[in-house]
Amino acid sequence: AQKVTQAQTEISVVEKEDVTLDCVYETRDTTYYLFWYKQPPSGELVFLIRRNSFDEQNEISGRYSWNFQKSTSSFNFTITASQVVDSAVYFCALSAPRGTSNTGKLIFGQGTTLQVKP
Amino acid sequence: NAGVTQTPKFQVLKTGQSMTLQCAQDMNHEYMSWYRQDPGMGLRLIHYSVGAGITDQGEVPNGYNVSRSTTEDFPLRLLSAAPSQTSVYFCASSGFTTGVYSGNTIYFGEGSWLTVV
């Protein structure tokens, strides 16, 4: 079975602090895809990153970085020097490759609400 | 969100009424799906489709019907709305790319806020 767990329900930080959002996943597929989405107060889902399971390189995009560790089935997201505009709900998600019974389904974690205070 | 058009954005229904949420994509994607979002529960899969004429149930299918007569369209029907169906609904379209940036690409509609009173 596929499952995504975001154990942190809510996180509150003060602006300029670094913050890490945790994501742990379960899957039996040897190939899979991991995603992070941001949902600002306006409600739309904003795509942040997709990571293929066969690419274990960590990635940095500006103040955002992602740490993918297959050994611990984790795909954590770090925001460096947080800003008020980072306040949002963040979702981690998992999808299966083509040709499996789970193809076409996206499994979401429960989401982490991040509040960045000025 | 480029490529996925979802309507309406807001809707208020009375208990027992029926309605259809529309979803259309122009990317020729095989896979389409509907999710509902409730506080503290993330997004849960309602129904999904792996191609025209093929649909299947997700995690929370009760009270919803879908059909996929064309590749482009995947409407979600509420047959007899209940207050428990008050939620935010998202449609998604999914495809697979090949080459250097191969993988699963997923696009979401802007969401539909549904209130059943």
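Reckoned from all heavy atoms, side chains included, excluding hydrogens, waters and symmetry mates.
- For B:Leu43, the parts lying near chain A are the backbone and the side chain together; criterion is any non-hydrogen pair under 4.5 Å.
- Using a 4.5 Å cut-off between heavy atoms, A:Phe35 contacts chain B through its side chain alone, with no backbone atom that close.
- With a threshold of 4.5 angstrom between heavy atoms, A:Thr9 does not approach chain B through any atom at all.
- Among the candidates B:Met41, B:Glu59, B:Glu30, B:Met32, the residue making the largest number of heavy-atom pairs closer than 4.5 Å to chain A is B:Glu30.
- Looking only at atom types and distance, the side chain of A:Gln69 has no donor-acceptor partner in the side chain of A:Ser71 under 3.5 Å away.
- Of the atoms belonging to A:Thr31, not a single heavy atom falls under 4.5 Å from chain B.
- No hydrogens or angles considered: a donor-acceptor pair under 3.5 Å links the side chains of B:Arg77 and B:Ser67.
- Two rings, from B:Tyr35 and A:Phe108, have their centers less than 6.0 Å apart.
- Separation of the A:Phe77 and A:Tyr64 ring centroids falls under the 6.0 Å cut-off.
- No hydrogens or angles considered: a donor-acceptor pair under 3.5 Å links the side chains of A:Thr78 and A:Thr20.
- In this structure, the portion of A:Ser101 lying under 4.5 Å from any heavy atom of chain B is its backbone and not its side chain.
- Only the side chain of B:Tyr48 comes within less than 4.5 Å of a heavy atom of chain A; its backbone N, CA, C and O stay farther away.
- Contact of A:Ile107 with chain B is not made at all, since no heavy-atom distance falls under 4.5 Å.
- Checked against the 6.0 Å centroid criterion, the rings of A:Tyr37 and A:Tyr90 do not qualify as a close aromatic pair.
- Comparing A:Gly109, A:Gly43, A:Ala96 by heavy-atom pairs within less than 4.5 Å of chain B, the highest count is held by A:Gly43.
- Under 3.5 Å, the side chains of B:Gln6 and B:Ser112 contain a donor-acceptor pair of N or O atoms.
- With a 4.5 angstrom heavy-atom cutoff, A:Gln39 touches chain B only via side-chain atoms.
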